[in-house]
Amino acid sequence: MTPPSRLSGAAHETSRLHLTFDDNTLLPLLFGEHDRNLARIEQRLGVELVPRGNEVAISGPSWSAQAAKEVLGVLYERLIHGIKVDSAEVDATLRLALQGGTGAAALGGANDELAIRTQKCRIAPRSLMQATYLRALQEYELVFALGPAGTGKTYLAVAVAVSLLAAGRVDRIILSRPAVEAGERLGYLPGDIREKVDPYFTPLYDALHDMMPGDKVRRRLENGDIEVAPLAFMRGRTLANAFVILDEAQNTSPVQMKMCLTRLGENSRMVVTGDLSQVDLAPGTRSGLRDALDTLAGVEGVVTVTFSDVDVVRHELVTRIVRAYDNRARQPASEDEPPPKEPR
């Protein structure tokens, strides 16, 4: 399917399509409460959707009508496979349809194949790059995941780690981050070392609690099946039979990154996630993530998956925010813009 901007005028003529569903019991879930899913599709694609019994009549510009039919078909297939269709699923499928090609349909086919089943939920890719990422996590022992916030880099890595731990394919999960945030230092934070580092790991704890009952998360943490540790605590260790996630890796130094990568032991996997547009290191300090990408380019067994703003699966406004910052970064700095003030 080709996006409207690439079509001739004839392709914008009004089309009227009909889509028939075999299982009426799934339609309330497909349409959403008060038909809000249909309203969302109408708003984004500029079509009119009229449900009649087990059919939906679709009218609008030819490209948009065909895209709406594809979106409804993919969402219906997800319901058949037991996947919850909420507003995030609708937005993700719409995003793929608006990208053109057969993205939504292709993702629908990969959805069941790549879905991860945890104790609390079923997690499936919401973009083609997420599907690529999940395949990489299954096939490679070292994966670099790059891109803006909200693309699922860390969340999907935790999901794969939890599923492998539950299946007995790894003995433990190790979650690590460099403790570098907005210029703060651990020594100035209150509490013992666990209380000092816990705020840095909140996103990782949130992901664990999404996938496992709270009592099991606590028990796994207590017995060491899941370990959460600052990057500095990794020195001198060999991590065997483990799934290791290094998050926010753009804030490592080259020395720290090399140290972490060389901890990989037998039957272990490592995922390194980061966003090179959000480096919190001191000015002039080279990011260990950038250094590793340059050093390991072409090394067998290492793969890099790069997300972009079109893969953001949070609120639609996040996509627009990321895009605005990217556009600003591409523009030359204004000569009238004052230099940043030195911190006091």
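Computation of the quantities below employed the complete heavy-atom set of this structure, encompassing side-chain atoms and omitting hydrogens, waters and symmetry-equivalent molecules.
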- Full working for side-chain contact (heavy atoms from CB on, under 4.5 Å) between Arg44 and Val90: CA-CA 11 Å; Arg44 291 294 301 278; Val90 174; over 6 Å; no
- Message: Could you walk me through whether Val143 and Tyr133 satisfy the side-chain contact (heavy atoms from CB on, under 4.5 Å) test, starting with their C-alpha distance in whole Å, then the side-chain angles of each, then the deciding distance to 0.1 Å, before giving a yes or no?
- Response: CA-CA 9 Å; Val143 178; Tyr133 183 40; 4.0 Å; yes
- Item | salt bridge (Lys or Arg N to Asp or Glu O under 4.0 Å) involving Asp225 - partner list, sequence neighbours excluded | Arg220
- Polar side chain donor-acceptor pair, Gln43 to Arg40, under 3.5 angstrom: yes
- Between CG of Asp280 and OG of Ser287, what distance do you get to the nearest 0.5 Å? 10.5 Å
- Item | Test item: Arg263 and Val244 side chains (from C-beta on) under 4.5 Å apart, heavy atoms | no
- Item | Reference residue Val85; test side-chain contact (heavy atoms from CB on, under 4.5 Å); the match among Asn37, Leu26, Leu29, Thr93 | Asn37
- Note on the structure: Rounded to the nearest 0.5 Å, the CG atom of Leu30 sits from the OG1 atom of Thr25 at a distance of 11.5 Å
- Message: Other residues, nucleotides and ligands only: do more than 12 of their heavy atoms fall within 6.0 Å of NZ on Lys84?
- Response: no
- Query: Any side-chain heavy atom of Thr132 within less than 4.5 Å of one from Met129?
  - Reply: yes
- Query: Which distance, rounded to the nearest 0.5 Å, do you find between the CG of Asn251 and the CZ of Arg177?
  - Reply: 8.5 Å
Sequence neighbours left out, cut at 3.5 Å: what donor-acceptor pairs do the side chains of residues 47-59 make with other protein atoms?
from	atom 1	to	atom 2	distance (Å)
Asn54	ND2	Phe21	O	3.1
Glu55	OE2	Thr20	OG1	3.3

- Note on the structure: Interatomic distance, CD@Glu141 vs CZ@Arg269, rounded to 0.5 Å, equals 6.5 Å
- Straight-line distance of Glu248 CD to Thr154 OG1, nearest 0.5 Å: 6.5 Å
- Message: Contact between Leu246 and Pro178 at the side-chain level, heavy atoms closer than 4.5 Å - yes or no?
- Response: yes
- Got Thr306 and Phe144 here, is their nearest side-chain heavy-atom distance under 4.5 Å? no
With a cut-off of 3.5 Å and sequence neighbours excluded, list every side-chain donor-acceptor pair involving residues 293-304.
from	atom 1	to	atom 2	distance (Å)
Asp294	OD2	Arg286	NH2	2.6
Thr295	OG1	Asp291	O	2.7

- Does any pair with a residue in residues 155-166 pass side-chain hydrogen bond (donor to acceptor under 3.5 Å, both in side chains), and if so which ones, sequence neighbours excluded? Tyr155-Asp210
- Are any of the side-chain heavy atoms of Val158 and Val162 separated by less than 4.5 Å? yes
- Message: Let's go through Leu208 and Phe201 carefully: what are the C-alpha distance in whole Å and the side-chain angles of both, what is the deciding distance for side-chain contact (heavy atoms from CB on, under 4.5 Å) to 0.1 Å, and is it a yes or a no?
- Response: CA-CA 11 Å; Leu208 287 171; Phe201 292 97; over 6 Å; no
- Message: Set out, in order, the CA-CA distance, both residues' side-chain angles and the distance that settles side-chain contact (heavy atoms from CB on, under 4.5 Å) for Arg218 and Leu221, then state yes or no.
- Response: CA-CA 5 Å; Arg218 288 190 296 273; Leu221 286 167; 5.6 Å; no
- Flag yes if more than 12 heavy atoms outside Glu266 fall under 6.0 Å of its CD atom; otherwise flag no. no
- Any residue meeting side-chain hydrogen bond (donor to acceptor under 3.5 Å, both in side chains) with Arg237, in chain and number order, not counting sequence neighbours: Glu227
- Applying side-chain hydrogen bond (donor to acceptor under 3.5 Å, both in side chains), name anything that partners Asn267, two or more places apart in sequence or on another chain. Asn241
- Message: Distance check, rounded to the nearest 0.5 Å: Arg290 atom CZ versus Gln250 atom CD?
- Response: 11.5 Å
